[in-house]
Every structure is written in C-alpha cells, then in structure tokens.
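Here is the structure we will look at.
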Amino acid sequence: MKCFVGLDVSSTKLDVCIMTNDTELDVLFSASLANDLSGASEIKKQVLGLNERYHFNRIVIGMEATSLYSFHPAMFFNDDSDLKKLNTEVMIEQPNKIKKYREAFEENKNDTIDAFYIADYFRIERFTRSYLKEEKYLALQHLTRTRLQLVEQLVQTKQHFIENIYYKCNTLSVELKNEALNTSVWSATIMTLMTEDYTLDELAETPLEEFVELIQKLGRGRFKAPDKLAKAIKAAIRGSYRLSLVQQDSVNIVLSLLAREIRSLEKMIKEIDQAIEDMVEILPEYQCLTSVPGIGKVFAAGIIAEIGQIERFKDHPQVAKYAGLNWKETQSGTTSSQNTSLAKRGNRYLRYYLVEAANSVRRHNLEYAKFYKKKKNEVPKHKHKRAIVLTARKLVRLVDVLLRNHQLYTPPRRFMEDN
C-alpha cells in the first residue's frame, strides 16, 4: 500500500490530506494546522502512526512550489531522520499543473479541497519527480535570485534616472551618443555633474579648459578624450530647454535620490557577486560550465543554483521544460500548426540565466554563432528574440551533458578546424 500526503501551504496554515492508493480506504487523515514547527510535527506524527498500522511500501509528501511559504515544510519533511528511515519522498510540483488537475473536477475552491486534490494529484503518479535540491544549491539560489532582483531594480532605477535627466537636459543622451564617446548618462562623472551643486548655466559658462579639468578630476583621469566629452556636454546644455526654478528644485532632488540609489545598488551587487564567487568555486559543476566560452561566473552560478543536482531530471528535454524553454505542439487531425508559442511556464530564473548565457556564448563560440545566425535568418519578424531562445534551448543540451557527465567543454572537431 502507498501513502500520499497532500499539503496546501500558505503563510500561516498547513492544510493536510493523507490518502492511500486503496480506494476503499481513501482519506486517512485531514486537518488544518499551523504552518510552524508544531503543525509540521503533528503531520509527521500522523504519517508515522499510520505507517505502523498499514506498513506503507511508499510514502510521498507533495506540495505546490510556493517558494517562501513551502520552503520550511519541505525542508522539515525532507531532512527528518524518522521519515528518511521510511524512504519518504518529498515532491514539489508547479502550481499551474495542480490547478488544472483540480479544475477538471469543477469543485468549489477552499484550502481543504485543495489539500485533497494535491494528494490525489500525486496519487495518480503522473507527476514529474521534482525532488528537493540539496542544501548547497538552495543556499546558492538565495544569492543568485537576490542578485537578479537587485539587477532588475538597478535597471529600473537607471531608467527613471534617464527620464529625469531628460527633464533637466533633454539633449544630453543624444549628444553623448552622436559623439560616440562610449559614456552613458549614468556614468559616475555625468551623474555627479547632473546631481551636485552645478546649475546648467554655470556649467555652460565655465571655460572649456576648466571644464575639462573638472571632468578629469571627477573621472579620475580615466577619460581618453575629456575635451570631446566636455564639448558634448556643453553642446547639450546649450541646446536644452530650461526649467523654472520650482521645477529645477524638484528634478534635482529626484536625480540626487536616484543617483544615491544607483550607487547603493551597484555596491550591493559587487558584494553579492563576491559572496556567490566564494560559494560557487567549491562546486564541481562550476568548472564544467565555466569551461564553455561565454559562460562566466554569474551565469554559471545562476544555472547551477536553479538546476541543483542534475539527477533531479531524467534528460535535457525535462530540464528545458522546467526552464520553460519548450514549445506547445498544436495539431488537429492531419494538420499541424507551424506557429507554436514558447511555454514560458517554468522556472523564470533558470530561463533568464540560460537565455543570457546563450547570448554571451554565441559571441564567443563559432558553433553557437552559426546556429544563432541560421535561426535569425529563418523568419522575418522577432529575429533576435526567436533566435536567442532557440540558441538557449540548444545550450540546455550542452549544460545537461556537462553536468551529467562531470566533464569540461570541448568544442566539436569541425569547429576547431574552422578556427
């Protein structure tokens, strides 16, 4: 006899339903408990007690992947020594799959019913065996996910900074771009000029030589053509609209706050990069992935953290599906649609790191460059987006092989000969 424990997890509650594969017995226990150590311990007590009575040959504890809320219950049941003696399997499933399963029965929705259908979903044993990641991967995941969130926040803050720069000096971005200075509006020097106690009129009236010296001082002598940059900024100031004093004050305050936030976020990202590097270097998988030209420390860490132990997946198609890098097949009778959409229902973090890594790899690797170019030329619209996603799907195969075989990357002989 098999035992299936369904948990509907929220921030405060653990709704539990324990059932067997014997339809005559069906539900053995059902309750709503607190999502804390006491509630989890009560569920464990019930499982152990029922096992003494029925002598289960398999115990599965399943729940939806609710990230923060399911973390502690999942780790509690996975690490418990008494449950380990019974070879208890703790499974995490994507919420949308269980939702679709429940909706097929047209039941009302409440937590007790949800717990029943979670247990019933695992009882049919059609689920992907999503075993929990080992602790070292979960620890790394905390860092890599936080890093991505900080990067996304930085991108958004920089966008707001650009918008407010436009209010203050609307032609600055254009002038910097036209002069091909390789300097952005959020470089430290530009940010200082636009947020410190300099009015546009004061900067415009500053003699060119003094302005060049100021730029070199702020840039710590790093600019190759400071005179060219100074002229571009002066040209931008001359060609821009002027704000009223009231508007100037408000824009300056916003720019100053955003500049501080940008500097703070950049500092935090550097610190978390160091923490990631310290942690990931002890993982053997790290060397496997960084051996691929174009996959650096950040991408390797992100991919490893999200995949965890590669044995959690049967093969590379399952890894791709987990990342949401798979396409739905649309077929009716003898007709198959040629326009299929990306599933995008998997792990968004893994998909992000694979796509970004693929975009980097195709710049360093002839095999992937040729594949990207071929896919890009196949369609008239969304060329880059389609090609880079397909390249990421190709990269999944390589990542799977390297991690599964614990090997370093070796380019195919035909591409070595081309070089």
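By convention here, the first residue in the shown sequence is residue 1.
- A distance-only check finds no donor-acceptor pair linking the side chain of K375 to the backbone of L390 [under 3.5 Å].
- Environment of NE2 in H160: crowded, with over 12 heavy atoms of neighbouring residues, nucleotides or ligands closer than 6.0 Å.
- Taken from CZ in R147 to CD1 in I272, the straight-line distance is 8.0 Å, to the nearest 0.5 Å.
- Between K158 and E266 a salt bridge is recorded (basic side-chain N to carboxylate O distance below 4.0 Å).
- Within the model, atoms CZ of R238 and NZ of K231 stand 10.5 Å from one another, a figure rounded to the nearest 0.5 Å.
- Among the candidates D82, I59, V47, the single residue satisfying the side-chain contact (heavy atoms from CB on, under 4.5 Å) test with T88 is I59.
- A pairwise comparison of heavy atoms in Y69 and S11 identifies CE2-CB, 3.4 Å as the closest pair.
- With Q248 contributing its side chain and L243 its backbone, the two residues share a donor-acceptor pair below 3.5 Å.
- Under a 3.5 Å cut-off, the side chain of E134 and the backbone N or O of Q309 do not form any donor-acceptor pair.
- Shown here for S32 and K13, the closest heavy-atom pair between the two residues is OG-CD, 3.5 Å.
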- Message: Working note: F299 + V361, criterion side chain to side chain contact (heavy atoms under 4.5 Å, CB included); need CA distance, chi angles, decisive distance, verdict.
- Response: CA-CA 11 Å; F299 295 151; V361 169; over 6 Å; no
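- C17 SG to D26 CG: the interatomic distance, rounded to the nearest 0.5 Å, is 7.5 Å.
- Defined by atom type and a distance below 3.5 Å, a donor-acceptor pair is present between the side-chain atoms of Q149 and Y349.
- Remark: I43 CD1 to L14 CG distance equals 4.5 Å, nearest 0.5 Å.
- Residue L255 comes nearest to T195 through the heavy atom pair O-CG2, 3.5 Å, listed as atom of the first residue, atom of the second, then distance.
- In E271, the CD atom is crowded: over 12 heavy atoms of neighbouring residues, nucleotides or ligands sit closer than 6.0 Å.
- Side chain of S240 to backbone of A236: a donor-acceptor contact under 3.5 angstrom is found.
- When I303, N347, I304, I307 are each tested for a side-chain contact (heavy atoms from CB on, under 4.5 Å) with Y353, only one passes: I303.
- Aromatic ring orientation, F313 versus Y322: tilted (interplanar angle from 30° to 60°).
- The backbone N or O of N252 lies less than 3.5 Å from no partner atom in the side chain of S256, so there is not a single donor-acceptor pair.
- When the shell of 6.0 Å around NZ of K374 is examined, it contains 12 or fewer heavy atoms from other residues, nucleotides or ligands.
- K297 NZ: 12 or fewer foreign heavy atoms inside a 6.0 Å radius.
- F371 CZ: more than 12 foreign heavy atoms inside a 6.0 Å radius.
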- May I have the step-by-step check of side chain to side chain contact (heavy atoms under 4.5 Å, CB included) for V319 and V399, ending in yes or no? CA-CA 10 Å; V319 176; V399 167; 6.0 Å; no
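- Side chain of K383 to main chain of V379: a donor-acceptor pair is present (N/O by atom type, distance under 3.5 Å, no hydrogens or angles).
- Both tests pass for K394 against the ring of Y368: distance under 6.0 Å to the centre and angle within 45° of the axis.
- Geometrically, R102 does not engage Y117 in a cation-pi contact defined by less than 6.0 Å to the ring centre and at most 45° from the axis.
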Mind listing the side-chain donor-acceptor pairs of residues 215-223 below 3.5 Å, one per line with the distance, residues two or more places apart or on another chain?
none

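- A salt bridge is defined here as a Lys NZ or Arg NE, NH1 or NH2 lying under 4.0 Å from an Asp or Glu carboxylate O, and D120 with R123 meets this definition.
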- Task: Could you walk me through whether Y167 and Q247 pass side chain to side chain contact (heavy atoms under 4.5 Å, CB included), step by step?
- Result: CA-CA 9 Å; Y167 282 115; Q247 286 277 29; over 6 Å; no
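- With rounding to the nearest 0.5 angstrom, the CG atom of N170 is 11.0 Å from the CD1 atom of I165.
- A salt bridge does not link K100 with E103: none of the charged nitrogens is closer than 4.0 Å to a carboxylate oxygen.
- Proximity of a side-chain donor or acceptor of N21 to a complementary backbone N or O of K2 within less than 3.5 Å is detected.
- A salt bridge links E152 to R348: at least one charged side-chain nitrogen sits closer than 4.0 Å to a carboxylate oxygen.
- Residues R263 and T192 come closest through the heavy atom pair NH2-OG1, 3.6 Å.
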- Message: Go through it in stages, so that I can follow the logic: the residues are K234 and L203, the test is side chain to side chain contact (heavy atoms under 4.5 Å, CB included), and I'd like the CA-CA distance, side-chain angles, deciding distance and then a yes or no.
- Response: CA-CA 7 Å; K234 280 182 169 289; L203 292 176; over 6 Å; no
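- For N377 (side chain) and K373 (main-chain N/O), a donor-acceptor pair under 3.5 Å exists by modelled atom type.
- Within the 4.5 Å cutoff, the side chain of E64 has no heavy atoms near those of the K99 side chain.
- Checking side-chain atoms of N365 against main-chain N and O of P293 turns up no donor-acceptor pair under 3.5 Å.
- Heavy atoms only, all atoms of each residue included: L200 and C169 are closest at CD1-CB, 4.4 Å.
- Between the NE2 atom of H142 and the CZ atom of F71 there is a distance of 4.5 Å, given to the nearest 0.5 Å.
- Note on R351 versus E306: no salt bridge recorded, every NZ/NE/NH1/NH2 to OD/OE distance being 4.0 Å or above.
- Of all heavy-atom pairs between G296 and T290, the closest is O-CG2, 4.0 Å.
- Here the side chain of S360 pairs no donor or acceptor atom with the backbone of A357 at under 3.5 angstrom.
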